[in-house]
**Student:** 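Dropping the structure in here first, questions after.
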Amino acid sequence: RILEYLSHEAKNMFLAINLLVDSNDLTGTTQNLQFILGKEDKQEGFEITLNELIKLKIIELIDKDIFKVYSYEILNLMRHY
């Protein structure tokens, strides 16, 4: 149901996060996420999409370059899709 609320770009990011995050460690780097999505030269669009996931409590920023999936349940949803 979470996917229904996301923009197309946020859906792609939601699914890409699953590739970077381990169930033992819910963190990943924004730099790796940006690379996987091919957004290295589109910083503003990347940040808008990142903020969409933050506002919906899907991820949280720990540091400027480190994000964390908000919960194990959300990670399980990511793996389901």
Side-chain angles (χ1 to χ4, degrees):
R1 185 172 164 165
I2 289 175
L3 283 179
E4 295 174 16
Y5 298 104
L6 300 178
S7 68
H8 178 72
E9 292 294 323
K11 286 178 185 176
N12 288 339
M13 186 177 284
F14 180 87
L15 297 174
I17 288 170
N18 176 45
L19 301 173
L20 297 173
V21 175
D22 185 312
S23 58
N24 295 322
D25 178 18
L26 296 176
T27 62
T29 67
T30 56
Q31 183 178 12
N32 288 344
L33 183 58
Q34 199 168 6
F35 177 77
I36 286 176
L37 295 170
K39 302 284 185 188
E40 300 94 350
D41 58 343
K42 299 174 184 169
Q43 185 67 29
E44 185 178 339
F46 176 79
E47 288 180 7
I48 289 169
T49 305
L50 194 67
N51 285 330
E52 184 177 342
L53 295 182
I54 292 168
K55 286 179 186 176
L56 291 172
K57 302 284 188 195
I58 294 172
I59 62 170
E60 58 185 331
L61 278 182
I62 295 174
D63 191 356
K64 182 183 175 216
D65 299 324
I66 306 287
F67 68 86
K68 180 180 179 183
V69 175
Y70 204 75
S71 70
Y72 287 103
E73 291 80 13
I74 292 174
L75 180 61
N76 287 332
L77 287 175
M78 290 175 173
R79 297 220 163 125
H80 178 71
Y81 294 104

**Student:** Could you measure the distance from the CZ atom of F46 to the CD atom of E40? Nearest 0.5 Å is fine.
**Tutor:**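 Atom-to-atom, F46:CZ and E40:CD are 10.0 Å apart.
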
**Student:** Could you pull out the closest heavy-atom pair between A16 and L33, with the gap in Å?
**Tutor:**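 Reported closest heavy-atom pair: CB-CD1, 3.8 Å.
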
**Student:** Among I58, N76, V21, find the residue that satisfies the side-chain contact (heavy atoms from CB on, under 4.5 Å) test when tested with V69.
**Tutor:**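 Only one option passes, and that is V21.
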
**Student:** Clusters formed by hydrophobic residues whose side-chain heavy atoms approach within less than 4.5 Å: which one holds I62, and what are its other members?
**Tutor:**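 Members besides I62, by chain and number: I66.
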
**Student:** Excluding sequence neighbours, so at least two apart, what forms side chain to side chain donor-acceptor pair (under 3.5 Å) with N32?
**Tutor:**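 Expected list: T29.
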
**Student:** Heavy-atom distance under 4.5 Å between the side chains of I17 and F67, does that happen here?
**Tutor:**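 Touching, per the 4.5 Å side-chain cut-off.
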
**Student:** Calculate, to the nearest 0.5 Å, the distance between atoms CG and CE belonging to L3 and M78 respectively.
**Tutor:**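 Taking CG in L3 and CE in M78, the distance rounds to 9.0 Å.
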
**Student:** What about L61 and I74, same hydrophobic cluster or not, with Ile/Leu/Val/Met/Phe/Trp/Tyr joined at side-chain heavy-atom distances under 4.5 Å?
**Tutor:**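 L61 clusters together with I74.
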
**Student:** As an exercise, state the distance from CD of Q34 to CD of Q43, rounded to the nearest 0.5 Å.
**Tutor:**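 One finds 4.5 Å between CD of Q34 and CD of Q43.
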
**Student:** Can you measure from CG (L26) to CG (L75) and round to the nearest 0.5 angstrom?
**Tutor:**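 One finds 6.0 Å between CG of L26 and CG of L75.
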
**Student:** Taking salt bridge (Lys or Arg N to Asp or Glu O under 4.0 Å) as the cut-off, I'd like each qualifying pair that reaches into residues 5-17, sequence neighbours left out, listed once.
**Tutor:**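 As it turns out, the salt bridge (Lys or Arg N to Asp or Glu O under 4.0 Å) pairs with a partner in residues 5-17, which skip direct neighbours, are E9-K39.
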
**Student:** Once side chain to side chain donor-acceptor pair (under 3.5 Å) is applied, do any residues pair with Y5, and if so which ones, sequence neighbours excluded?
**Tutor:**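 In terms of side chain to side chain donor-acceptor pair (under 3.5 Å), with neighbours along the sequence ignored, Y5 is linked to R1.
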
**Student:** Quick one: list whatever passes side chain to side chain donor-acceptor pair (under 3.5 Å) with E60, sequence neighbours left out.
**Tutor:**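 E60 satisfies side chain to side chain donor-acceptor pair (under 3.5 Å) with no other residue.
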
**Student:** Tell me, please, which residues at least two apart from D25 pass side chain to side chain donor-acceptor pair (under 3.5 Å).
**Tutor:**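 Scan of D25 (side chain to side chain donor-acceptor pair (under 3.5 Å), adjacent residues dropped) gives T27.
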
**Student:** How many angstroms lie between CD1 in I36 and CG in L15, if you round to the nearest 0.5 Å?
**Tutor:**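 Output value for this atom pair is 11.5 Å.
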
**Student:** Calculate, to the nearest 0.5 Å, the distance between atoms CD and OG1 belonging to E44 and T49 respectively.
**Tutor:**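 Answer rounded to 0.5 Å: 10.5 Å.
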
**Student:** What residues, two or more places apart in sequence or in another chain, satisfy side chain to side chain contact (heavy atoms under 4.5 Å, CB included) together with N12?
**Tutor:**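 Here the qualifying residues are H8, L37.
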
**Student:** Any pair with a residue in residues 62-81 that passes salt bridge (Lys or Arg N to Asp or Glu O under 4.0 Å), sequence neighbours left out, goes on the list, sorted by first then second residue, please.
**Tutor:**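 Pairs touching residues 62-81 that pass the test: none.
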
